[in-house]
Amino acid sequence: MTIKTMAEYATEGKSPEVLFWVGCAGSFDDRAKKITRAFCKILNSIGIEFAVLGQEESCTGDPAKRAGNEFVFQMMALTNIEVLNAYEVKKIVTACPHCFNTLANEYPSLGGKYEVMHHTQFLKQLMEEGRLKIEGGKFEGRKITFHDPCYLGRANDEYEAPRALLQKLDAELVEMKRCKKNGLCCGAGGSQMFKEPEKGNKDINIERAEEALGEQPSIIATGCPFCNTMMTDGVKHFNKEHEVAVKDIAELLAEAEEL
C-alpha cells in the first residue's frame, strides 16, 4: 500500500486531497488496524491522494473529555491543532465517529476549523461523484444489519451514508427495532470502553448483540472501531462468532472489490 505522511507531501511542496485521521484504535488495536487497511486499500485502488500524520498524530482527547478531564483534553487538542494548522489542513476523514465528533464539533472553538467527514460520508461522496464504483454481487443472498454508532447517528444526525453504501452490496439490509434516532449504544462511549461495567442485570453490548442476532443476519455491519469491539464481544458471548461476522463498512466494500 502507498500511504504517505503529511510531512512527505510538504517536502514535495504538495497537499493531498484529504488527511486520513487514523485514531488510536485504528493505529494500535489489532482488530481496528484491519479497518484502517481496508479503507486505505479502497482509496489507493481509485487513486485518491491522501496522507496520514503518522508519528505526529496524537489522540484527539475524546476519552479524556468524556471521562471529565477537560484540562487534558484541551492540552491534547491544542497540540493537534498546532500540527494540523502548520500543514494548512482543510479536509479530514476518519473511520472513528469519536474522532469525527471531536474534530468537527469541539476543535473549532479552540482554533481548529476543518471540513471533517466520517469515512462512510466520504465513500458515499466518492460513489456519487462516480469515482468509486461498488460491485456487490459477492454478498447476494446474505443478510446484513447495521448498528448505528452514537457519535455518527444521534450526535451528528448521519444515518444515510452508511446505509447508502450497504445497499450497493446486493445484500438484504435488515434494521434492528432500535435503529437510527432510537439506536442503542454499544456500551463503549463516554470512556466506558476503558473500564469494567458497573453492576447490573446485563451488559449493554450483550443487550445490543442479542438484538442484532435476533434479526438472524450473517453480518453485523459497524462504522466505529469501538462498536466493532463491543459487538464482537457480544456475538462471542452467544457463541455465534463462527456464524455471524462483525465487520466495518470499509471492510465490506474492500471485500466486495476483492482488494
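Side chains included, hydrogens not; waters and symmetry mates left out as well; all remaining heavy atoms used.
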Worksheet item: Taking the six-membered ring where the residue is Trp, are the ring centres of Phe20 and Phe39 under 6.0 Å apart?
Response: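 Centroid separation for Phe20 and Phe39: below 6.0 Å.
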
Does [X], at its [atom1] atom, have more than 12 non-hydrogen atoms belonging to other residues, nucleotides or ligands within less than 6.0 Å?
X: Glu128; atom1: CD; value: yes
X: Glu82; atom1: CD; value: no
X: Glu140; atom1: CD; value: no
X: Lys138; atom1: NZ; value: yes

When you compare the side chain of [Y] with that of [X], does any pair of heavy atoms fall below 4.5 Å?
X: Asp148; Y: Phe146; value: yes
X: Gln167; Y: Leu173; value: yes
X: Val244; Y: Phe238; value: no
X: His119; Y: Phe100; value: no
X: Thr102; Y: Phe73; value: yes
X: Asn156; Y: Asn105; value: yes

Taking the basic N atoms (NZ, or NE/NH1/NH2) and the acidic carboxylate oxygens, is any pair closer than 4.0 Å for [X] and [Y]?
X: Arg66; Y: Asp62; answer: yes
X: Glu175; Y: Arg163; answer: yes
X: Lys34; Y: Glu251; answer: no
X: Glu215; Y: Arg178; answer: no

[atom1]-[atom2] distance between [X] and [Y], expressed to the nearest 0.5 angstrom:
X: Asn44; Y: Ile3; atom1: CG; atom2: CD1; answer: 6.5 Å
X: Ile220; Y: Thr232; atom1: CD1; atom2: OG1; answer: 8.0 Å
X: His237; Y: Asp203; atom1: NE2; atom2: CG; answer: 8.0 Å
X: Gln125; Y: Leu132; atom1: CD; atom2: CG; answer: 11.5 Å
X: Arg208; Y: Ile204; atom1: CZ; atom2: CD1; answer: 11.0 Å

- prompt: Stepwise, does the salt bridge (charged side-chain N to carboxylate O under 4.0 Å, His left out) test hold for Glu210 with Lys240?
  reply: CA-CA 11 Å; Glu210 189 173 29; Lys240 295 283 188 180; over 6 Å; no

Indicate yes or no for a side-chain donor-acceptor contact from [X] to the backbone of [Y] under 3.5 Å, with no hydrogens or angles considered.
X: Glu88; Y: Asn85; value: no
X: Asp29; Y: Ala32; value: yes
X: Thr36; Y: Gly26; value: yes

Evaluate Lys247 against Glu255 for salt bridge (charged side-chain N to carboxylate O under 4.0 Å, His left out), listing each step before the verdict. CA-CA 10 Å; Lys247 294 192 175 183; Glu255 203 176 308; 2.6 Å; yes

**Study point:** Intermediate values then yes/no, side-chain contact (heavy atoms from CB on, under 4.5 Å), Lys4 and Phe50
**Key:** CA-CA 7 Å; Lys4 292 166 72 173; Phe50 71 100; over 6 Å; no

